[in-house]
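Atoms within each ligand, like the ligands themselves, are counted from 1 in listed order.
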Amino acid sequence: MKKIIKSLLLFAAMPIFAQQGGMWVPSLLKGMNESEMKSLGMKMSVSDIYDVNKSSMKDAVPQFNGGCTSEVISPKGLLLTNHHCGYGQIQSHSTVENDYLTHGFWAKSLEEELPNEDLYVTFIVSIHDVTTDVLKDTESLTEEATKKAKIQSNINDLQKSFAREEWQSVMIRTFFEGNQYMLFVTETFEDVRLVGTPPSSIGKFGSDTDNWVWPRHTGDFMLFRIYADKNNRPAKYSADNVPYAPKHYFPISLSGVEQDDFTMVFGYPGRTQEYLPSYAIEQILNDLNPAKIEIRDKALKATDAYMRADHAIKIQYASKYASTANYWKKWIGESQGLQKSNALEVKRAFEKDFTDRVIANKKEKEYGHLLAEFKVLYEQIAPFALARDYFQEIVLRNNELLSIGFRLYQLENAYAKGGEQSFVERRTQLLNQLKGLYKDYNKNVDKDVFEQLITLYGTKAPKELTPSNIHNVNYADLTYEIYAKTALTSFEGVEKMLSGTGGDAISKLNKDTGYMIAKLLAKNYFEKIAPNYDELQLKIGALQREYMKAQLELFPEARIFPDANSTLRVTYGKVNGYNPSDAVSYNYVTYLEGVMEKYVPGDYEFDVPEKLIELYNNKDFGEYADVNGKLPVNFIGTNHTTGGNSGSPVFDAHGNLIGLNFDRVWEGTMSDIYYDPAICRNIMVDARYILFVIDKYAGAKHLIDEMKIVYPKGKGKK
Ligand code: ARG
Ligand code: GLU
């Protein structure tokens with residue numbers, strides 16, 4: 001008996017048993033989720049959230065540009081998302097003379113709205129469980145690679161045959177690590193125009209210092225508009241397109257939030273790994289995160305020095321820098337959070353319990369081998385996983401000479417395989433991409449970054465898995481040699497090298513110092529690292545599928561949700577502060593006062609625009625102030641979110657929009673691996689701050705007039 005109680009107590013500490021957390025599939029909320037949501041205060045029914053037969057909330061929540069989330073907030077297709085989600089678009093419309101990053105931008109009419117090449121939003125039309133079809137004729141296949149291939153071919157068949165309208169697409173994703181498959185019918189709109197953005201001193205206030213941090217004071221929002229053809233269907237950009245008339249759009253409430261209020265977040269969380277064995281977490285904690293953090297740390301410091309000294313470089317590198325800094329900081333918080341919450345101990349205790357349940361249920365034959373095999377496989381994969389992260393971070397991500405060199409290496413391979421014709425096709429594509437890339441390229445920045453990173457690669461990555469040419473050399477000399485001679489540091493240089501026949505181009509390439517080093521590292525990766533990693537990962541994936549199946553079977557009482565996979569999910573919780581450490585407690589809301597407390601005139605992170613100071617001094621908050629007369633800026637809650645939830649709408653109990661998700665708190669960033677309801681919080685912009693900035697700061701009242709505002713009881717439109 002004692003043992004049972006002890007194990008129950010342990011479960012209470014497990015993420016999957018906590019009464020909060022989880023990212024749920026919107027079409028499957030009936031039952032457990034609905035009753036939890038109602039007990040937390042929700043006043044809607046789950047068919048208001050997702051319904052295939054009538055318009056429902058899901059019809060107003062498109063994925064934004066494949067990564068973030070956005071929501072429709074007017075009958076004319078006005079779209080709200082985060083400033084950091086549309087940052088690249090603002091940057092590409094910005095120049096030193098017309099710097100929208102610094103000053104903001106507000107279209108005064110439809111005609112002034114700015115089109116964006118390559119930007120798209122994708123709506124979910126319907127969700128279907130297709131597990132039986134996808135797993136058809138795979139049960140008997142024992143070889144993992146064969147099984148995977150058969151599954152893929154079933155997916156391809158379904159993708160072709162599933163009924164849809166001609167402008168719709170079909171996408172299939174796995175849930176529960178291969179135990180369930182869902183099909184999504186989608187509609188993608190490609191004419192999405194920039195409508196308005198606050199200056200970075202509001203939209204990115206606090207920048208990287210405040211990123212992932214509570215208390216927070218960022219107005220991280222901006223507005224786009226979806227355009228459709230005359231039949232309200234998706235269409236490529238055309239001057240003739242008209243504002244999209246949505247099936248549904250969200251009313252915005254001015255009532256604000258109080259402690260313990262119900263909140264719900266709807267969006268596209270990218271990736272979580274809540275069901276990893278302890279061995280995997282150990283590896284992340286001890287090997288992978290520290291290596292990746294160190295690499296980015298060096299790259300960021302080198303870049304930052306140039307950005308501070310030169311405004312043109314600052315604009316060129318703004319977007320890249322922010323995105324590199326983002327996960328750098330997240331991994332630091334994640335590692336600390338895993339440590340602080342004893343995630344490893346909790347996992348190990350769970351594994352002990354798992355083993356007990358396997359035995360109690362007489363399932364040793366099916367599941368008894370899983371944990372022991374995980375242990376062996378994670379030991380085997382360790383050096384390959386580390387070498388792979390070094391390669392990805394250094395060659396593919398953080399040094400441009402190497403990442404351009406890598407793409408040229410793919411071009412050489414295309415030539416070797418497909419001859420002149422595929423060379424020519426690929427060259428055209430590549431030159432197109434590179435043109436954009438070199439617009440934001442600076443040789444000196446890149447060279448400094450290279451020297452830092454090649455040093456790490458040569459000295460810290462597993463020696464047996466990296467080429468000996470980069471061991472024990474003078475890295476400054478090596479860098480000098482390469483950058484003095486390579487033609488890869490300008491678009492014209494690459495263009496010239498690629499001119500002529502495929503044969504000519506390849507032979508010129510192979511004499512280029514920049515290309516040679518990139519090729520050396522790429523070849524090494526494909527020969528020594530990738531094949532071993534992939535083979536082991538295939539085995540781990542198969543085990544993980546069985547492990548997931550076992551957990552679903554042996555813990556029927558558990559709240560097990562599928563890991564995030566960039567599909568539409570619902571998460572819910574309540575407004576709540578937290579205690580990050582002994583004697584420290586954080587309130588759930590911040591006010592404009594806090595912006596002024598952080599204000600550092602002229603600072604690149606904490607400057608405040610004059611107009612905002614003026615509004616603050618005059619307490620000119622219009623109808624957007626809280627009952628206490630203060631202007632709310634951000635608030636936090638227990639909603640379980642992750643990357644991809646940026647720009648997600650936040651709702652009150654009635655389905656009115658009350659905020660915009662944009663971040664998580666530092667102490668809780670380990671929630672991708674282990675959700676601890678005590679310290680995991682998501683950070684949201686208060687809807688009233690958004691409306692205040694649009695109306696009072698920007699004077700864009702015409703946009704507010706498009707929206708449906710819900711006034712607190714007793715107050716109304718004046
Ligand atoms: N941490 C948030 C998210 O993961 C915001 C990132 C953008 N802001 C920044 N300062 N880099 O994406
Ligand atoms: N800022 C993140 C994003 O871009 C959301 C924050 C998080 O990871 O929770 O999706």
Structural part of Asn82 in contact with ligand 2, heavy atom criterion under 4.0 angstrom: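 No part of Asn82 comes within reach of ligand 2.
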
Structural part of Phe64 in contact with ligand 2, heavy atom criterion under 4.0 angstrom: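 Looking at Phe64 and ligand 2, no heavy atom falls under 4.0 Å.
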
Counting only nitrogen or oxygen atoms and a 3.5 angstrom limit, does [X] reach ligand 2?
X      : value
His84  : yes
Asp663 : no
Ser646 : yes
Cys68  : no

Would you mind checking which non-hydrogen protein atom is closest to [atom], with the distance to 0.1 Å?
atom                    : answer
atom 9 (C) of ligand 1  : Asn211 ND2, 3.5 Å
atom 7 (C) of ligand 2  : Arg664 NE, 3.2 Å
atom 10 (O) of ligand 2 : Gly644 N, 2.6 Å
atom 3 (C) of ligand 1  : Asn326 ND2, 3.4 Å

Quick one: which ligand 1 atoms are inside 4.0 Å of a heavy atom on [X]?
X      : answer
Phe662 : 2 (C), 5 (C)
Asp208 : 9 (C), 10 (N), 11 (N)
Asp663 : 1 (N), 2 (C)

Spacing of Thr324 atom OG1 and Asp304 atom CG [to the nearest 0.5 Å]: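 Between atom OG1 of Thr324 and atom CG of Asp304 there are 12.0 Å.
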
CZ on Arg193 to CG on Asn116, rounded to 0.5 Å: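 One finds 9.5 Å between CG of Asn116 and CZ of Arg193.
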
Phe189/Tyr120 aromatic ring centres below 6.0 Å: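 No, too far apart.
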
Contact atoms of ligand 2, heavy-atom distance to Phe662 under 4.0 Å: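 Under 4.0 Å from Phe662, ligand 2 has these atoms: 1 (N), 2 (C), 5 (C), 6 (C).
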
Numbered atoms and elements of ligand 2 in range of Asn645, under 4.0 angstrom, heavy atoms: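 In order of number, 10 (O).
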
Whether Phe692 and Tyr689 hold their rings parallel, tilted or perpendicular, with breakpoints at 30° and 60°: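 If you compare the ring of Phe692 with that of Tyr689, the planes turn out parallel.
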
Pair [X] + [Y], salt bridge at N-O below 4.0 Å:
X      : Y      : result
Asp297 : Lys292 : no
Glu400 : Lys320 : yes
Lys340 : Asp676 : no
Glu393 : Arg397 : no
Lys314 : Asp310 : no

Non-hydrogen atoms of Tyr697 and Lys611 that approach each other most closely: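 Looks like O-NZ, 3.2 Å.
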
Ser207 touching ligand 1 at heavy-atom level, < 4.0 angstrom: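 Checking ligand 1 against Ser207, which is what was asked, there is a heavy-atom contact under 4.0 Å.
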
Close approach, Lys330 and ligand 2, non-hydrogen under 4.0 angstrom: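 Outside the 4.0 Å threshold, so no.
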
Polar proximity ligand 1 side, Asp220 side, N/O cut 3.5 Å exclusive: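 There is no such contact.
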
Check against ring-ring contact (aromatic ring centres under 6.0 Å, His included), Tyr586 and Tyr578: CA-CA 5 Å; Tyr586 284 145; Tyr578 67 110; 5.2 Å; yes

